[in-house]
Amino acid sequence: MDGKIGIIGTGYVGLVAGVCFAMKYPVVCVDVDSEKVDAINDGIAPFYEPKLDELLQKVSASGNISATTDIEQAVRECDYIFISVGTPSMHSGEIDLRYVKAVARDIGKSLRNMDKYIVIIQRSTVVPTTTRDMVGKIIAENSGKTTGEHFGIAFVPEFLREGNAVDDFLEPDRIIIGTEDKKVEELLHKLYADFYSQFPEDKIISMSIESAELVKYASNSFLAGKISFANEIASLAELIPGVDIVDVMAGVGMDHRISEKYFGAGAGFGGSCFPKDIKALIHFARTKAFEPIILEAILERNNRQAMHIVDLIEDIVSSIHTARITILGLSFKPGTSDMRDAPSLKIISELIERGAGEIVGYDPKANDEARQILGNRIKYADNVQDALRGANIAVVLTEWDEFRKLTPAEFKKCMAESVLVDARRIYNYDEFSSQLKFYAVGRKHHN
Ligand code: NAD
């Protein structure tokens with residue numbers, strides 16, 4: 001095996017992996033979206049992710065990466081095929097496996113007339129048993145070949161965070177190799193040990209495919225659970241004079257058994273993974289006649305948190321019908337233009353539902369993406385100052401650095417009424433509350 005890598009699906013997971021692997025191995029990226037393929041071949045990342053453009057340009061210039069819509073070409077040329085297509089939620093919350101199935105079928109058909117051994121690595125998040133019982137079987141059926149003999153399969157979960165994806169890929173906490181096939185295990189162990197030459201060997205661990213599939217869901221559920229837990233304590237804190245959630249969670253997080261990460265109280269979690277993965281796991285658990293009460297509570301608390309922000313806005317403004325409401329931050333978190341399941345969408349939709357007169361949104365990176373989803377239901381500003389001009393209330397929903405730098409004077413200068421809701425706890429409470437009508441999640445309000 002020479003180590004040529006095929007990546008099927010060039011979204012956040014696929015393209016980041018492809019570009020990073022291309023620093024060391026030749027890579028072929030495949031996507032059904034020909035615009036994405038053209039952009040990658042031009043050395044331009046089709047979405048915003050820090051460091052990705054520079055790295056893509058570098059590996060493109062070295063000739064180590066190419067993109068195509070032809071999956072057969074990747075199967076023919078490569079030794080490893082990574083499947084990283086989307087696995088969205090269906091309406092019921094059940095995982096939608098149609099893209100994974102289509103790719104497995106196309107890999108199988110491509111393999112039919114080839115005489116080669118290839119390793120297929122499932123990277124898209126899938127519920128336990130999918131990789132073996134669905135992906136493996138579909139490839140075997142369509143290729144007429146035998147799993148373990150002509151091709152091997154594994155599930156290797158991806159843990160990257162959007163906004164930090166390149167660094168996370170290059171410096172992972174662990175590599176989990178899910179396979180019971182000894183040959184696949186050895187090949188992948190070698191591939192990863194070679195790629196991460198400085199990486200401690202004991203952080204590359206092997207387990208069954210199904211355990212690895214569940215690791216991914218358990219990790220995401222736990223992280224989302226930490227956020228929901230912080231939001232629950234924040235809402236309680238708001239009822240107790242003198243308590244500040246930021247101090248509380250800092251104190252809790254200093255316990256090394258707990259850690260302060262993912263403890264930020266705010267507008268709730270969103271993004272392409274946490275909500276849909278928890279929904280998929282809940283649905284999966286129910287197919288096993290198991291009621292996952294903690295998972296359900298994590299989602300319920302998250303929905304209530306968004307509604308809590310809307311209630312707060314409605315309580316503060318004299319009339320929701322006439323107020324000009326400015327939303328600072330639309331993407332689900334800073335460092336990304338990704339709007340999937342962003343809390344801003346829930347909050348804005350509910351504000352509109354309750355009759356909000358005028359909503360102006362501004363995001364340093366996600367205005368275009370937001371426009372595709374929200375259309376003309378809100379207005380969009382090109383910069384913070386325009387967004388704040390004439391506003392009766394401003395609400396920070398995403399903690400972009402650009403917003404962190406704003407001073408009370410800048411809000412006062414632009415707004416019709418200087419009323420600010422800090423739903424991400426980015427401002428100094430004493431400084432802002434002394435100069436503005438200031439509300440912060442996780443603190444009892446005085447004004
Ligand atoms: P994405 O939607 O950004 O990208 C998926 C890509 O697959 C798209 O470019 C799409 O055009 C392409 N595609 C769809 N069908 C295809 C086909 N038949 N052949 C080739 N390409 C096809 O998705 P993403 O955010 O990169 O997530 C991919 C998977 O990784 C999901 O299962 C997700 O849960 C998981 N994951 C995502 C993240 C994250 O932060 N985004 C982190 C870890 C794991």
Side-chain angles (χ1 to χ4, degrees), residues 6-20 28-40 45-50 52 67-75 81-90 95-110 120-127 130-131 134-135 138-139 142 155-169 172-173 175-176 212-213 215-221 223-224 269-281 331-333 335-342 369:
I7 304 276
I8 318 293
T10 61
Y12 291 86
V13 167
L15 187 58
V16 169
V19 167
C20 291
V28 180
C29 291
V30 182
D31 207 291
V32 282
D33 184 336
S34 57
E35 280 182 23
K36 281 191 179 173
V37 166
D38 291 344
I40 296 166
F47 49 86
Y48 173 70
E49 182 61 43
L52 189 59
T68 173
T69 54
D70 182 5
I71 201 166
E72 209 230 322
Q73 179 200 332
V75 174
I81 293 282
F82 289 77
I83 303 176
S84 43
V85 294
T87 48
S89 276
M90 296 209 254
I95 184 170
D96 183 348
L97 290 167
R98 82 178 88 162
Y99 306 110
V100 174
K101 279 184 188 164
V103 170
R105 189 197 57 221
D106 292 347
I107 292 173
K109 282 185 179 163
S110 305
I120 320 285
I121 304 109
Q122 175 67 36
R123 297 278 280 156
S124 311
T125 305
V126 288
V127 293
T130 306
T131 304
M134 205 198 76
V135 178
I138 292 177
I139 296 173
N142 284 276
F155 178 77
V156 178
E158 173 58 68
F159 298 103
L160 63 77
R161 294 161 298 170
E162 284 176 27
N164 217 54
V166 171
D167 286 344
D168 284 349
F169 189 90
D173 287 335
I175 299 291
I176 307 252
E213 288 169 326
V215 166
K216 176 63 194 167
Y217 281 101
S219 297
N220 272 1
S221 303
L223 292 171
F269 59 77
S272 65
C273 292
F274 286 180
K276 73 135 173 113
D277 287 351
I278 298 174
K279 283 182 204 156
L281 192 55
S331 62
F332 85 95
K333 68 171 179 179
T336 180
S337 56
D338 199 341
M339 286 292 300
R340 288 179 284 186
D341 263 321
E369 278 81 351

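Positions are given from 1, in the same order as the sequence printed here. Order of listing sets the numbers, starting from 1, for every ligand and every atom in it.
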Under 3.5 Å: N/O of [X] near N/O of ligand 1:
| X | result |
| --- | --- |
| R123 | no |
| R161 | no |
| S272 | yes |
| K36 | yes |
| D106 | no |
| V13 | yes |
| T87 | yes |

[atom]: nearest protein contact (heavy atom, Å):
| atom | result |
| --- | --- |
| atom 34 (O) of ligand 1 | K276 NZ, 2.5 Å |
| atom 4 (O) of ligand 1 | G11 CA, 3.1 Å |
| atom 35 (C) of ligand 1 | T125 OG1, 3.4 Å |
| atom 38 (C) of ligand 1 | C273 SG, 3.3 Å |
| atom 29 (C) of ligand 1 | V85 O, 3.4 Å |
| atom 17 (C) of ligand 1 | V32 CG1, 3.5 Å |
| atom 5 (C) of ligand 1 | G86 N, 3.6 Å |
| atom 11 (O) of ligand 1 | D31 OD1, 2.6 Å |

What part of [X] sits under 4.0 Å from ligand 1 if we count only heavy atoms: the side chain, the backbone, both or neither?
| X | result |
| --- | --- |
| S124 | both |
| S84 | backbone |
| V126 | neither |

Q: Rounded to the nearest 0.5 Å, what's the gap from OG on S110 to CD1 on I139? Could you check?
A: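 The CD1 atom of I139 is 10.0 Å from OG of S110, to the nearest 0.5 Å.
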
Q: Measure the spacing between CG of L223 and SG of C273 and express it to the nearest 0.5 Å.
A: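 Here the interatomic distance stands at 11.0 Å.
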
Minimum heavy-atom separation for [X] to [Y], with atom names?
| X | Y | answer |
| --- | --- | --- |
| I71 | I107 | CD1-CG1, 4.2 Å |
| S89 | D96 | C-CB, 4.4 Å |
| P50 | G335 | CD-O, 3.3 Å |
| R161 | N164 | NH2-ND2, 2.6 Å |
| A280 | V127 | O-CG1, 4.0 Å |

Q: Could you check whether the rings of Y12 and F47 sit parallel, tilted or perpendicular, using 30° and 60° as the cut-offs?
A: tilted

In the structure I gave you, are the side-chain heavy atoms of [X] and [Y] within less than 4.5 Å of one another anywhere?
| X | Y | value |
| --- | --- | --- |
| F169 | E158 | yes |
| Y99 | P88 | yes |
| L15 | P46 | yes |

Using a strict cut-off of 4.0 Å, indicate which atoms of ligand 1 neighbour a heavy atom of [X].
| X | answer |
| --- | --- |
| I8 | 19 (N), 20 (C) |
| V103 | 17 (C), 18 (N), 19 (N) |
| G9 | 6 (C), 7 (O), 12 (C), 21 (N) |

(Q) Working note: E213 + T131, criterion side-chain hydrogen bond (donor to acceptor under 3.5 Å, both in side chains); need CA distance, chi angles, decisive distance, verdict. (A) CA-CA 8 Å; E213 288 169 326; T131 304; 2.6 Å; yes

Q | Check: S84 side chain, G9 main-chain N or O, donor-acceptor pair, under 3.5 Å | A | yes

(Q) Under a 3.5 Å distance rule, please check whether S124 uses its side chain to pair with a backbone N or O of V85 as donor and acceptor. (A) yes

Q. Nearest non-hydrogen atom to atom 24 (P) of ligand 1 belongs to which of Y99, Y12, F159?
A.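 Residue with the shortest heavy-atom distance to the ligand atom: Y12.
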
Q.
Looking at ligand 1, would R340 count as a contact under a 4.0 Å heavy-atom criterion?
A. yes

